[in-house]
Number of protein chains: 2
Amino acid sequence: MKVTIYDVAKEANVSIATVSKVINNTGRIGEKTKRKVLEVMKQLDYQPNMMASALMGKQTKTIGLLIPDLANPFFSELARSIEDRAHEFGYNLVICSTDYQTEKENKYLALLKRKSVDGFILASGFEDLNKVEELVKEDVPVAIVARDLPMFSINTVALDDFMGGYLAASHLIELGHQNIGVIARDVWSNRERLRGFKQALEESNLEFTREFEYINGISHVEPGKFMTAKYLKGKNPPTAIFACNDLLAIGAIQAVKEQGMRVPDDISVVGFDNTLIATIVEPPLTTVAQPIQHMGREVLDLIISMIKGEKKEKMRLTLLPSLVTRNSTAKNRNKDLKEKLENL
Amino acid sequence: MKVTIYDVAKEANVSIATVSKVINNTGRIGEKTKRKVLEVMKQLDYQPNMMASALMGKQTKTIGLLIPDLANPFFSELARSIEDRAHEFGYNLVICSTDYQTEKENKYLALLKRKSVDGFILASGFEDLNKVEELVKEDVPVAIVARDLPMFSINTVALDDFMGGYLAASHLIELGHQNIGVIARDVWSNRERLRGFKQALEESNLEFTREFEYINGISHVEPGKFMTAKYLKGKNPPTAIFACNDLLAIGAIQAVKEQGMRVPDDISVVGFDNTLIATIVEPPLTTVAQPIQHMGREVLDLIISMIKGEKKEKMRLTLLPSLVTRNSTAKNRNKDLKEKLENL
DNA sequence: TTGAAAGCGGTACCAC
DNA sequence: GTGGTACCGCTTTCAA
């Protein structure tokens, strides 16, 4: 049978109260008794049961992490960075993939609450914030990561998506692209990226007049491929593509190739996230890098400080993206543009 | 404050024992009382505290999953498939990345034990099995996945690695390759793959006489690149590379390109795992596919049945790999071979 | 059919 | 300093 605090107490000829004190290093205990108890604990290989102490109001040292999809490189990298930091503090992560389904989000939220997790980190869609608001009201520590919720008072570590879009567009404009196709799923952060994107165009006295529609479905390779093919086959095909995540960008590259064109010679492609796969595609992807490690570390620190009860005021930490230039972008050599320039 | 079983009992004018019975659907309760209690539970939005019931010996409905690295596509895909199946049964996963460090493995094992997880799924290195053996002795449900431990009596869901290596070699041999470089980390499963690989050579009256050494470090892009470059620059360069995971294969492809050669025209490359990235590289990777979804599902089912106390006898389930042919492999056009053939 | 009460393994307050 | 003990929230006999 498992060894309990009673076994230790009996073996050390003290009360369980005393043992508890040496475990938690609280109250005052004599040096000798302390040593004695410690010794017995080691000898019996005693492992305090966390369920029991959790019941008495102490923490469970576990944090719930809700993400859309663990198999998506961006989220698995993010989860890993959060996990590492969590372990540094002796915390574990319960990870749940929600597939962007509100139903699952709510289900996992409720389930993990029953398991008395100390707090939640949300990287998921959460278009429906009712349950999240409830948690906040009940004083359950909740922090958001990689997902800006501007009109909601909650601790957040996010990326400056506006700047991300701006960066992507600026880079492309500098390379002489004026007709740029955008591929994105309709979520808040992408709307921001699009705003930043347009802002950059505007500053160059360019206008975003292209046909545009959000993809439906998730941000994966296929939709990126599909949408790019559509743009390329449509009238007024773009000379560059800005995809709002690396997976979509991969799809874009594949579509370009299938049309018998080349990246970046004929079409430039910019991605977003800078995950492992950006370095793996051919050509290597120019992409807007999210500081994934940094984000993971920051939310974890944030949630920990909330759990500890420090920092009662809400805050939003915005990290800045940076452009990583690889080989999927190049000067625009498109004839139309050349002609236009020559006609000036 | 949180609503407890007492609140429900009071509100429904019954004892907590009765409430407990309706929650768990045990014992015999009158229809009316049952309905009444159910109603009150709903009304108060009562959520039973799992810590408390876990303390009483019931399950925590959480499973510990130890993997080497959550950011590695193979493991994140595996984790995802296990997670999905777990959720079907109402279980959660606590995921820990061990980085192949025995130290971390043992640390997480102990930590999760204190948290009373119902069982462990191990996909990690575990060269040191002492702690695992202890768990088994203590009757803690433990299952191994994606990692064969042949001389150890423990429930396992694994791949037929021997066959995987055999498949890869056969494919390459069929394409006319005789001088094949192998890249692998020195772990059990790779030793098996190598065995299968050699077996196929042998059956074709070929011999594996190449210089060979296991990589040191982890199975990631860099070592694959490094080792391939080494082979290519060495004497008697191979016409094909068999890399024991997709990441290594990516590295191989990159190295080939850097040497100014082409895949598959000059060098063929076969990977292992068939993760997302195999479809993303250029050229798309021919690779030995592991049935990741299937494996995840099977271990989960296995551990559940262990938790439930069914199936006391140990078993090893071996899943079969299959070769997915894409464009990183082609007929050997190497001069040497041609000459050889002509000299016949 | 229902309920009183004894735990499960700890924590923490309060005497001694 | 150390120990007695009342919980924490729920499960489970065992009576009633």
Side-chain angles (χ1 to χ4, degrees), chain A residues 1-41 44-62 110-118 138, chain B residues 1-41 44-62 110-118 138:
Chain A
M1 202 41 215
K2 267 166 70 175
V3 24
T4 74
I5 197 172
Y6 290 93
D7 301 320
V8 177
K10 192 178 299 172
E11 188 68 21
N13 290 313
V14 294
S15 72
I16 60 166
T18 303
V19 177
S20 179
K21 276 167 197 151
V22 355
I23 293 172
N24 300 291
N25 219 347
T26 55
R28 33 186 97 275
I29 342 100
E31 259 313 308
K32 314 159 197 175
T33 17
K34 183 170 182 175
R35 256 203 306 280
K36 173 67 178 171
V37 170
L38 249 16
E39 189 186 317
V40 173
M41 278 172 49
L44 266 46
D45 190 30
Y46 166 64
Q47 305 282 24
N49 180 328
M50 299 193 77
M51 301 291 102
S53 44
L55 239 199
M56 281 301 293
K58 288 193 88 176
Q59 291 154 20
T60 54
K61 290 281 189 175
T62 76
L111 185 55
L112 296 187
K113 223 175 97 187
R114 291 183 45 192
K115 293 195 178 175
S116 312
V117 297
D118 296 332
E138 294 169 38
Chain B
M1 203 38 215
K2 268 166 68 174
V3 23
T4 73
I5 198 172
Y6 289 94
D7 302 320
V8 178
K10 192 178 300 173
E11 189 69 21
N13 290 314
V14 294
S15 73
I16 60 167
T18 303
V19 177
S20 177
K21 277 166 196 151
V22 354
I23 294 172
N24 301 293
N25 218 349
T26 56
R28 30 188 97 272
I29 342 102
E31 259 311 310
K32 316 161 198 175
T33 15
K34 183 170 181 176
R35 256 203 306 282
K36 173 69 179 170
V37 170
L38 249 15
E39 189 186 317
V40 172
M41 277 171 51
L44 265 46
D45 190 32
Y46 167 65
Q47 305 283 23
N49 180 329
M50 300 192 75
M51 299 293 101
S53 44
L55 237 201
M56 280 303 293
K58 289 193 88 178
Q59 291 155 18
T60 54
K61 290 281 189 175
T62 75
L111 185 55
L112 295 186
K113 223 175 95 185
R114 291 184 45 192
K115 293 195 178 175
S116 312
V117 297
D118 297 332
E138 294 170 37

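A note on names: the letters A, B, ... follow the listed sequences, proteins ahead of strands, and every chain is numbered from 1.
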Name the nucleic acid region contacted by B:Ser20, choosing base, sugar-phosphate or nothing; use a 4.0 angstrom heavy-atom cut-off, strictly under.
base
Of the candidates C:dT11, C:dG3, C:dC8, the side chain of B:Leu55 sits closest to C:dC8
Please report the closest heavy-atom contact between B:Ala110 and A:Gln47, naming both atoms and the distance.
CB-NE2, 4.2 Å
Using a heavy-atom cut-off of 4.0 Å across all strands, would you classify B:Val14 as base, sugar-phosphate, or nothing?
sugar-phosphate
Spatial distance of atom CG (B:Asp7) from atom CD1 (B:Ile16) [nearest 0.5 Å]
11.5 Å
What nucleotide among D:dG1, C:dT1, D:dG9 has an atom nearest to a side-chain atom of B:Thr4?
D:dG9
Does any donor-acceptor pair link the side chain of B:Tyr6 with the base of D:dC10 at a separation under 3.5 Å?
yes
Are the side chains of A:Lys34 and A:Asn25 in contact, using a 4.5 Å heavy-atom criterion?
yes
Picking from C:dT11, C:dG9, C:dT1, the nucleotide nearest the side-chain atoms of A:Asn49 would be C:dG9
Is the base of C:dG3 touched by the side chain of B:Lys21 through a donor-acceptor pair closer than 3.5 angstrom?
yes
Regarding A:Gly30, tell me which of base, sugar-phosphate or nothing describes its non-hydrogen contacts under 4.0 Å with the strands shown.
sugar-phosphate
Separation of A:Ile29 atom CD1 from D:dG3 atom C1', in whole Å?
13 Å
For D:dG1, take OP1 and OP2 only and decide whether either is under 4.0 Å from a side-chain N or O of A:Thr33.
no
Working for side chain to side chain contact (heavy atoms under 4.5 Å, CB included), residues A:Ile29 and A:Thr18
CA-CA 7 Å; A:Ile29 342 100; A:Thr18 303; 3.7 Å; yes
Over how many whole Å does the gap from B:Ile16 atom CD1 to C:dG7 atom P extend?
15 Å
Between A:Ile5 and B:Thr18, just flag the one whose closest nucleotide in DNA chain C comes earlier from the 5' side.
B:Thr18
Strictly distance-based, threshold 3.5 Å: is any side-chain N or O of A:Lys61 a donor or acceptor partner for the main-chain N or O of B:Lys115?
no
Using a 4.0 Å heavy-atom cut-off, does B:Thr26 contact any base of the nucleic acid, only the sugar-phosphate backbone, or nothing at all?
nothing
Could you give the CG-to-P distance, from B:Asp7 to D:dC8, as a whole number of Å?
11 Å
In whole angstrom, what separates B:Ile23's CD1 from D:dT12's P?
11 Å
Check the phosphate of C:dG10 against A:Ser53, side-chain N and O only, distance under 4.0 Å to OP1 or OP2. Yes or no?
no
Output the rounded distance in Å from NZ (B:Lys10) to P (D:dC10).
13 Å
Considering heavy-atom distances to DNA chain C, does B:Met56 or B:Lys34 have its closest nucleotide positioned more toward the 5' end?
B:Lys34
Rounded to whole angstroms, how far apart are CG on A:Asn25 and P on D:dG1?
14 Å
The side chain of A:Arg28 lies closest to which of these nucleotides: D:dT11, D:dG1, D:dT5?
D:dG1
When rounded to whole Å, the NZ to C1' distance for the pair A:Lys113 and D:dG9 reads 16 Å
Can you measure A:Lys32 atom NZ to D:dT2 atom C1' for me and round it to whole angstrom units?
13 Å
Which heavy atom of B:Asn49 sits nearest to which heavy atom of A:Leu55, and what is that distance?
ND2-CD2, 4.4 Å
